[in-house]
Amino acid sequence: MFPKEIHSLFHFSNKNQGLLLTRSKSAYLYYIDRRVNLLTGESKPFDISHLVKDFENYKIAEEKEKPEVFHFCYELGHLICSGLEVDANEVLAIHLKYKKSKWINYSRVKTRKLNISSEKGLESKDYDLQFSKVMNHLLDGDCYQVNLTHTHQWVFKDSIQPHELLSGFYSSSNLSEYAHHTYIPKLEKMILSNSPECLFQIYQRDKGLEIHSTPIKGTLKGESKDKAKELFNSQKNIAELNMITDLIRNDLAKIERPRVKVLNKRKLLKVPGLWHLYSRVAVETSLAVTLKDLLWALFPGGSITGAPKRRVMQIIFATEHGPRGHYCGSTFLNFKRHKT
């Protein structure tokens with residue numbers, strides 16, 4: 001079911017199917033000073049300003065007859081927003097153009113249990129130190145919300161093939177609305193996401209576009225209705241969501257027009273083991289809006305940085321260990337009517 005060459009697959013919950021994209025026309029990985037051809041493995045010097053120019057010429061309203069996928073890494077945000085220097089060894093973006101697409105049904109895929117032999121995360125003493133630093137910034141008034149994160153690494157007991165991992169992922173009943181993956185054999189890497197959050201989704205309207213963003217902020221462990229009610233009325237979690245909703249509202253207003261609408265101020269979202277709060281914010285734009293307009297206004301998302309965004313990104317950089325990479329980045333699919 002899953003090819004051995006470069007491919008991407010996007011889950012569509014309303015169809016219980018996946019859109020499988022194959023046969024790469026081109027595939028490039030971008031650093032600040034070079035570009036890698038993911039089909040041949042060849043690396044060449046490249047000025048990132050040329051990619052920015054491509055973003056500037058990329059009209060969002062133009063429907064692509066052949067699918068295109070972008071993976072934007074969190075560190076691209078330093079080029080866009082934070083003012084921090086971009087490390088030459090950090091991936092900024094991946095751009096994939098495909099020739100073929102087809103719908104596949106994976107509701108009955110066979111899978112086996114994957115046994116984890118060990119996992120590695122941040123030591124508690126290191127996390128306590130990071131948390132203390134962030135709290136001092138908050139108390140000093142440098143910022144008013146910070147999304148502090150750390151990574152985990154898992155080691156499997158058995159040899160796991162990519163198709164086995166994917167079969168287990170897509171056979172799950174807990175797929176989010178935006179679940180997807182991209183497999184890149186040249187890098188021996190798979191980008192796999194089950195995040196329920198959407199930085200931007202684009203809708204075609206009669207005289208222009210409508211761009212929606214759905215930030216998630218506010219979380220409570222548990223799946224009962226009582227827990228949902230507790231979260232929905234939690235002043236602490238409501239305050240978190242309101243801060244980021246206001247940030248996203250301001251970000252959307254930077255794209256082209258300031259007339260931003262909060263369509264849903266506070267709604268509940270259930271995911272396995274958790275309840276979330278989210279909002280939906282929208283702005284109308286003309287057909288002239290470009291990919292650069294969107295990225296320079298919205299990326300990286302406020303819910304995975306904090307507020308004010310620029311200062312918080314600087315605090316995160318000085319506090320966390322290592323880059324975030326694809327985690328806390330964003331994926332963009334542009335194919336016919338699918339723009340998310």
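What you are looking at is a predicted structure, and each value in this text was computed from that prediction instead of being measured.
In the hydrophobic clustering, Leu96 connects to Ile6, Phe10, Phe12, Leu19, Leu21, Leu29, Tyr31, Val36, Leu38, Leu39, Val69, Val91, Ile94, Tyr98, Trp103, Ile184, Leu187, Ile191, Leu333, Phe335, either directly or through intervening members, whenever side-chain heavy atoms lie under 4.5 Å apart.
No side-chain donor from either of Tyr74 and His326 sits under 3.5 Å from a side-chain acceptor of the other. Glu5 and Thr22 share no side-chain donor-acceptor pair at under 3.5 Å. In this structure, a donor-acceptor pair under 3.5 Å is absent between the side chains of His181 and Ser193. Using modelled atom types, one finds no donor on one side chain facing an acceptor on the other under 3.5 Å when comparing Asp226 with Ser224. In the model, Glu68 has a side-chain atom that pairs as donor or acceptor with a side-chain atom of His95 under 3.5 Å.
Ser171 places a side-chain N or O within donor-acceptor distance of the main-chain N or O of Ser167, the cut-off being under 3.5 Å. Using a distance-only test at 3.5 Å, with no hydrogens or angles considered, no donor-acceptor pair links the side chain of Lys221 to the main chain of Gly273. Between the side chain of Lys309 and the backbone N or O of Pro300, at least one donor-acceptor pair lies under 3.5 Å. Although no hydrogens or angles enter the test, the distance criterion places no donor-acceptor pair under 3.5 Å between the side chain of Gln17 and the main chain of Asn105. Side-chain atoms of Asn37 come within 3.5 Å of backbone atoms of Thr40 as a donor-acceptor pair (strictly under, hydrogens ignored).
Residues Asp293 and Lys254 are not paired through a salt bridge, judged by the lack of any N-O separation under 4.0 Å between the basic side chain and the carboxylate. A salt bridge between Asp246 and Arg249 is present, with a side-chain N of the basic residue lying under 4.0 Å from a carboxylate O of the acidic one. We find that Glu230 and Lys227 are joined by a salt bridge, their nearest charged nitrogen and carboxylate oxygen being less than 4.0 Å apart. Taking a cutoff of 4.0 Å between a charged side-chain nitrogen and a carboxylate oxygen, Glu210 and Lys261 qualify as a salt bridge.
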Item to check | side chain to side chain contact (heavy atoms under 4.5 Å, CB included) between Ile244 and Gln145, intermediate numbers included | outcome: CA-CA 9 Å; Ile244 299 305; Gln145 186 172 152; 3.6 Å; yes
Next on the checklist: Go through it in stages, so that I can follow the logic: the residues are Tyr127 and His150, the test is ring-ring contact (aromatic ring centres under 6.0 Å, His included), and I'd like the CA-CA distance, side-chain angles, deciding distance and then a yes or no.
Outcome noted: CA-CA 8 Å; Tyr127 178 78; His150 58 90; 5.7 Å; yes
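If you run side-chain contact (heavy atoms from CB on, under 4.5 Å) between Gln201 and each of Ile211, Thr214, Thr340, only Thr340 comes through. Just one residue in the list Thr331, Asn194, Leu9 forms a side-chain contact (heavy atoms from CB on, under 4.5 Å) with His180, and that residue is Thr331.
Evaluation of the ring-ring contact (aromatic ring centres under 6.0 Å, His included) test over residues 239-289, restricted to residues two or more places apart or in two chains, returns none. Residue pairs meeting the ring-ring contact (aromatic ring centres under 6.0 Å, His included) criterion with at least one partner in residues 211-246, sequence neighbours excluded, are Tyr203-His212.
Other residues, nucleotides and ligands contribute only 12 or fewer heavy atoms inside 6.0 Å of the NZ atom of Lys189. Around the NZ atom of Lys64, the shell of radius 6.0 Å holds more than 12 heavy atoms that belong to other residues, nucleotides or ligands. Around the CZ atom of Arg259, the shell of radius 6.0 Å holds no more than 12 heavy atoms that belong to other residues, nucleotides or ligands. Within a 6.0 Å sphere centred on CZ of Phe156, other residues, nucleotides and ligands contribute more than 12 heavy atoms.
The shortest heavy-atom contact between Glu320 and Asn147 is OE2-O, 3.8 Å. The minimum heavy-atom distance between Leu84 and Gln314, with the atom names listed, is CD1-CA, 4.0 Å.
Both Val52 and Ile80 belong to a single network of hydrophobic side chains, linked directly or stepwise wherever heavy atoms of I, L, V, M, F, W or Y lie under 4.5 Å apart.
A cation-pi arrangement is absent between Arg35 and Tyr30, since the terminal nitrogen or guanidinium carbon is not both under 6.0 Å from the aromatic centre and inside a 45° cone about the axis.
Classification of the Tyr183-His7 ring pair by plane angle, with boundaries at 30° and 60°, yields tilted.
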